[in-house]
Amino acid sequence: MSTTHPRSDRIDEKPRFARVSLSKGLTTVGASTVLLFLVSAVVEPASVSFTSLSGMLPVAAVLAIAGLGQMLVVQQGGIDLSVAGGISLAVVMVTHIPNGNGSLLVPAIALALAFAVVAGLLSGVLIAALGLNPIIATLGTNAVLYGVNLAISSGRPRTTTDLLARIGGGSTLGIPNSVFFAVAALIVVAVFVKRTVAGRRFEAIGANRRMARAAGLRIRLHQSLAYVWAQLLYCLAGILIAGITSMPSAYAGDNYLLPSIAAVVLGGTSLLGGRGFALPTVIAAVFLQQLIQFVSVLGVSSAISPLVQAAALAVGISLYTLNWGAILTPFTTRSTPAAAPA
Amino acid sequence: MTPRSTIVIGSIAAAVALVGGCSSSSQNAAPAVRDAAAPQQIPSWCGPKPIKFGLLDGNGGNSWRLVATATGMEETAKCPSVKSFRYADGQGNTLKAISDIKGMVAAGVDAMVVFPDAGKAVLPALTAAHQEGVVTVPYRVDPGGQAGVNYDEWIGDDFANDAHNWAAWIKKNVPKGANILFLGGPAGSSQSTTEYEALAGDLGSDYRFIGQTPFQPTNWDPTLTQQLLTADIAKYPKIDVIVSDFGPTLVSALPLFTKSGRPIPALATSDGNSLSCFWADSQKSDPFKMITVATGNDNVRLAIQHAVALATGGRPPAEKAFKGPVFEDSTDPAKPVQCRHDLPPDTYLSATMPGDQQAKLDG
């Protein structure tokens, strides 16, 4: 997989003020989201009612957190197909182990986090150290995670503890608590990537691996750790699902694979690696979820949901990855008379 | 280590990881059924010919199937002629489900009962097994084809009967017409479609189905149900009745009505301990009416009786479809709602297998 990106190799050449300028992803997805809410309010006001938003926001928050994890992997030029397994395992652990007993919730969360670290290391070592294709390696990790999931749960869901339901599924000042968790995850990821030495190295490696190697950065370590950070975020997403849904499915993570990638791409992070855009990724998650909620309220067929996600992925890729100037050049230059043959 | 050897070792590691994950529940070999047998009373469907038996799930990773599988083992244990019991789970993967059917034939089973989740996609595999001389009995989901040609017998669940029970209850308890929201399974589910058609046929024009028809697909997933219901609550100011063919998925979603300052609608659905306990817990603050039909874990018993009878030379039962009775009716003292707080929420008290026994099935 290529390690460079047309935009990404210039990150450190920009003057300081450019760092606070709006990225293309932020302006595009931000404007699209505002437009979507306006259209929703005009066409179907119920889709932006308090009830509708109270159903949409918790799911969007979970997707945003999963998207942030996926973004960290994607900006290293990888892709993580173990999103579903990671989220589902966390769901099972924090519901099955306590089995209604709130005093066991903290140990269950600790164990879920430990498994997340192990799963992340498994993917990271397979990809960064042994050179496996990320699709194959994370697919394998996903299978392992589901194996552990079934070994623990036999596919049987358990009821969420009251404590987790209050924390993850409750609301504060009318805002679902899961939104606060998503904002906290966003701040942590953004500060880590943009404001710490390790984070700048992490992004530099994603932007240009050759340059990073020449600079003596520990490429394998950072690439491996990307999968660990991602799994920890998937784990948080799973814990929140367990709080939001009183008796979640043991396969609750299955619904987040494609949307998590779509959120990353719509947010402007290149699938070829490079800079990561945390805030646009979170906004893209809200955009995707509100779009699905909007069409649900409209009463459109449920088939529209995967179509929306696939279309968002296609639009994101075409907007940020394709060189439209080069593609359109033949059409725009056709009117110029060609030199006559001698 | 050379780059090539690194790649080889890595590939092997990934393959091991893949195989390890995939095989974890693919062949849960059952314990010897003989230990649990009750030899004192041999049922009429159990003939004298010794057989090897296989039970196959298309998608076995949920509590309903776990109970159904244990129920199947319990049923085969009643027949001493069943010398071995094998189980395979397609894990929601159609190709694996097909491979499992072929694998059972190769393993030499004499009779198999199959939950054909993938419907017609597994019909060729069922037909091949039937033609190989294996007694093949799909159950619950209609795989298409014909009994005697593509398989020996199909033992369905009379889903229309469930819908007739719901419709009669709705007309009795909401007599002046109602807005009905029908939450079904995956899009295209033959079960949900059959139920809708029977409901629409029984209920007159005073009863209006709101939302998508024939049903709103929820995949029987609680999170998705919750999400879809918020959209429905926002859109429809008046929802009088919710019909759902898998009641426990509603437990997370129903509190949304209370949060929105609206009463919980009357509920016509299938049973589950979590739902029954939610009903019981809501009686003081947000009471609502509810009817449940038996969720049908015992459908597998009838299918096994047919398969074993045909393979061992026993007498097959006369019934060829499972009829789930009304299990709970909050308006009928003769059928009270049954909540057992001491049992797991995913226990089905309508099943013949006692709830305490179901609770011990956890893997």
Side-chain angles (χ1 to χ4, degrees), chain A residues 44 46-47 49-56 59 85 96 99-100 122 125-127 129-133 136-137 139-159 169 241 244-252 255 292-293 296-303, chain B residues 3 6-7 9-11 13-25 28 60-63 65-66 89 91-92 187 210-212 216-224 226-236 248-249 251-253 255-256 259-260 274 278 344-346 361-363:
Chain A
E44 183 56 90
S47 66
S49 66
F50 175 77
T51 305
S52 183
L53 293 178
S54 69
M56 181 277 288
V59 184
H96 248 265
N99 197 14
L122 176 63
V125 169
L126 288 174
I127 294 161
L130 300 179
L132 253 70
N133 182 302
I136 301 298
L139 203 57
T141 302
N142 191 58
V144 171
L145 288 167
Y146 265 118
V148 176
N149 180 331
L150 288 171
I152 293 171
S153 71
S154 296
R156 296 186 77 171
R158 282 282 182 262
T159 303
I241 290 176
I244 294 164
T245 311
S246 69
M247 196 168 77
S249 152
Y251 307 102
N255 297 327
I292 290 167
Q293 189 79 352
S296 294
V297 175
L298 281 178
V300 181
S301 162
S302 61
Chain B
T6 308
I7 291 169
I9 292 169
S11 302
V16 168
L18 266 169
V19 171
C22 291
S23 63
S24 59
S25 66
N28 292 334
N62 61 63
S63 57
R65 300 296 176 89
L66 195 67
D89 174 12
Q91 298 176 333
I210 54 177
Q212 249 181 281
Q216 193 157 27
T218 67
N219 298 341
W220 293 311
D221 177 81
T223 311
L224 182 58
Q226 188 171 336
Q227 198 182 336
L228 290 172
L229 201 55
T230 57
D232 294 324
I233 293 171
K235 184 170 187 185
Y236 303 110
T249 57
V251 173
S252 303
L256 294 169
K259 283 183 185 172
S260 307
S274 59
F278 176 79
D346 55 332
L361 295 177
D362 202 0

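Heavy atoms only: backbone and side chains are in, while hydrogens, waters and symmetry mates are out. In what follows, every chain begins at residue 1, and chains take the letters A, B, ... in the order their sequences are listed. Remember, predicted model here, so these are calculated numbers, not experimental data.
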Colleague: Checking A:N142 against chain B: side chain, backbone, both or neither under 4.5 Å from a heavy atom?
Modeller: neither

Colleague: Do B:S252 and A:T245 have side-chain atoms, one donor and one acceptor, less than 3.5 Å apart?
Modeller: no

Colleague: Specify which of A:G85, A:G55, A:A252 makes the most heavy-atom pairs with chain B at under 4.5 Å.
Modeller: A:G55

Colleague: Heavy-atom cut-off 4.5 Å, strictly under: side chain, backbone, both or neither for B:S274 against chain A?
Modeller: side chain

Colleague: Of all the heavy-atom pairs spanning A:S249 and B:D221, show the shortest one and how long it is.
Modeller: CB-OD1, 3.7 Å

Colleague: Chain A heavy atoms under 4.5 Å from B:Q227: which part of the residue, side chain, backbone, both or neither?
Modeller: both

Colleague: Answer with side chain, backbone, both or neither: which region of A:S52 has an atom nearer than 4.5 Å to a non-hydrogen atom of chain B?
Modeller: both

Colleague: Could you go through the side-chain contact (heavy atoms from CB on, under 4.5 Å) check for B:D232 and B:L229 one step at a time?
Modeller: CA-CA 5 Å; B:D232 294 324; B:L229 201 55; 4.0 Å; yes

Colleague: Looking at A:N149 and A:A250, would you say the former's side chain and the latter's main chain have a donor-acceptor pair under 3.5 Å?
Modeller: yes

Colleague: Side chain, backbone, both or neither: which part of A:I292 has a heavy atom under 4.5 Å from chain B?
Modeller: side chain

Colleague: What part of A:L298 lies closer than 4.5 angstrom to a heavy atom of chain B: side chain, backbone, both or neither?
Modeller: backbone

Colleague: Between A:I244 and B:T223, does a side-chain contact (heavy atoms from CB on, under 4.5 Å) hold up when you go through it step by step?
Modeller: CA-CA 8 Å; A:I244 294 164; B:T223 311; 5.7 Å; no

Colleague: Applying side-chain hydrogen bond (donor to acceptor under 3.5 Å, both in side chains), name anything that partners A:S296, two or more places apart in sequence or on another chain.
Modeller: none

